[in-house]
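These numbers were taken from a predicted model, which means no experiment stands behind them.
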Amino acid sequence: MPTSIITTDDLRDFKMELLEEIKQLLSNQDSGNLKKYLKSSEVMDLLQISPGTLQNLRVNGTLPFTKVGGIIYYDSAEIQKVMENNRVHYLDL
């Protein structure tokens with residue numbers, strides 16, 4: 001039965017490959033989660049809406065927000081709640 005010799009270089013390569021795979025798994029896991037607070041540009045990208053539409057959602061009270069130092073933040077949980085509350089269910093007649 002042939003044996004193979006493992007060198008320190010082989011172990012170092014294995015370690016680097018393993019770390020890279022772990023990083024990829026963690027980044028894939030994180031991409032599924034939203035940040036707690038989002039800026040206006042992030043909300044527009046997330047909902048695929050224009051700046052005017054986002055402003056209308058703020059003005060009419062549909063989308064709650066917080067303003068700190070001139071920057072408007074939106075709670076991602078509140079965005080999710082608004083989306084769920086405005087879900088339209090069509091019934092087959």
Inset, instruction - Not counting sequence neighbours, which residues clear salt bridge (Lys or Arg N to Asp or Glu O under 4.0 Å) with Lys39? List them please. - result: none
Legend entry - Heavy-atom side-chain proximity of Leu47 to Met83 below 4.5 angstrom: yes
Inset, instruction - Output the rest of the hydrophobic cluster of Ile6: all Ile, Leu, Val, Met, Phe, Trp and Tyr residues reachable through side-chain heavy-atom contacts under 4.5 Å, sorted by chain and number. - result: Leu11
Legend entry - OH-CG distance between Tyr74 and Leu57, expressed to the nearest 0.5 angstrom: 8.0 Å
Legend entry - Side-chain donor-acceptor pair present, Thr62, Asn60, cut-off under 3.5 Å: yes
Legend entry - Among Asp9, Asp10, Thr8, the one residue meeting side-chain hydrogen bond (donor to acceptor under 3.5 Å, both in side chains) with Arg12: Asp9
Inset, instruction - Hydrophobic side-chain clustering at under 4.5 Å (ILVMFWY, transitive links): who's grouped with Ile71? Put none if nobody. - result: Tyr37, Val68, Tyr73
Legend entry - Heavy-atom pair of closest approach, residues Met44 and Ser50: SD-C, 3.8 Å
Inset, instruction - Give the C-alpha distance, both sets of side-chain angles, the deciding distance and a yes or no for side chain to side chain contact (heavy atoms under 4.5 Å, CB included) between Val43 and Ile72. - result: CA-CA 11 Å; Val43 175; Ile72 298 174; over 6 Å; no
Legend entry - Distance (rounded to the nearest 0.5 Å) between Leu38 CG and Glu78 CD: 12.0 Å
Legend entry - Short side-chain donor-acceptor distance under 3.5 Å, Asn56 and Thr53: no
Inset, instruction - Check for a donor-acceptor pair, side chain of Asp45 on one end and backbone N or O of Glu42 on the other, with a separation under 3.5 Å. - result: no
Inset, instruction - Using the rule that two of Ile, Leu, Val, Met, Phe, Trp, Tyr join whenever any of their side-chain heavy atoms come within less than 4.5 Å, decide whether Ile49 and Val59 are in one cluster. - result: no
Inset, instruction - Hey, could you give me the CD/CG distance between Glu21 and Leu19, rounded to the nearest 0.5 Å? - result: 10.0 Å
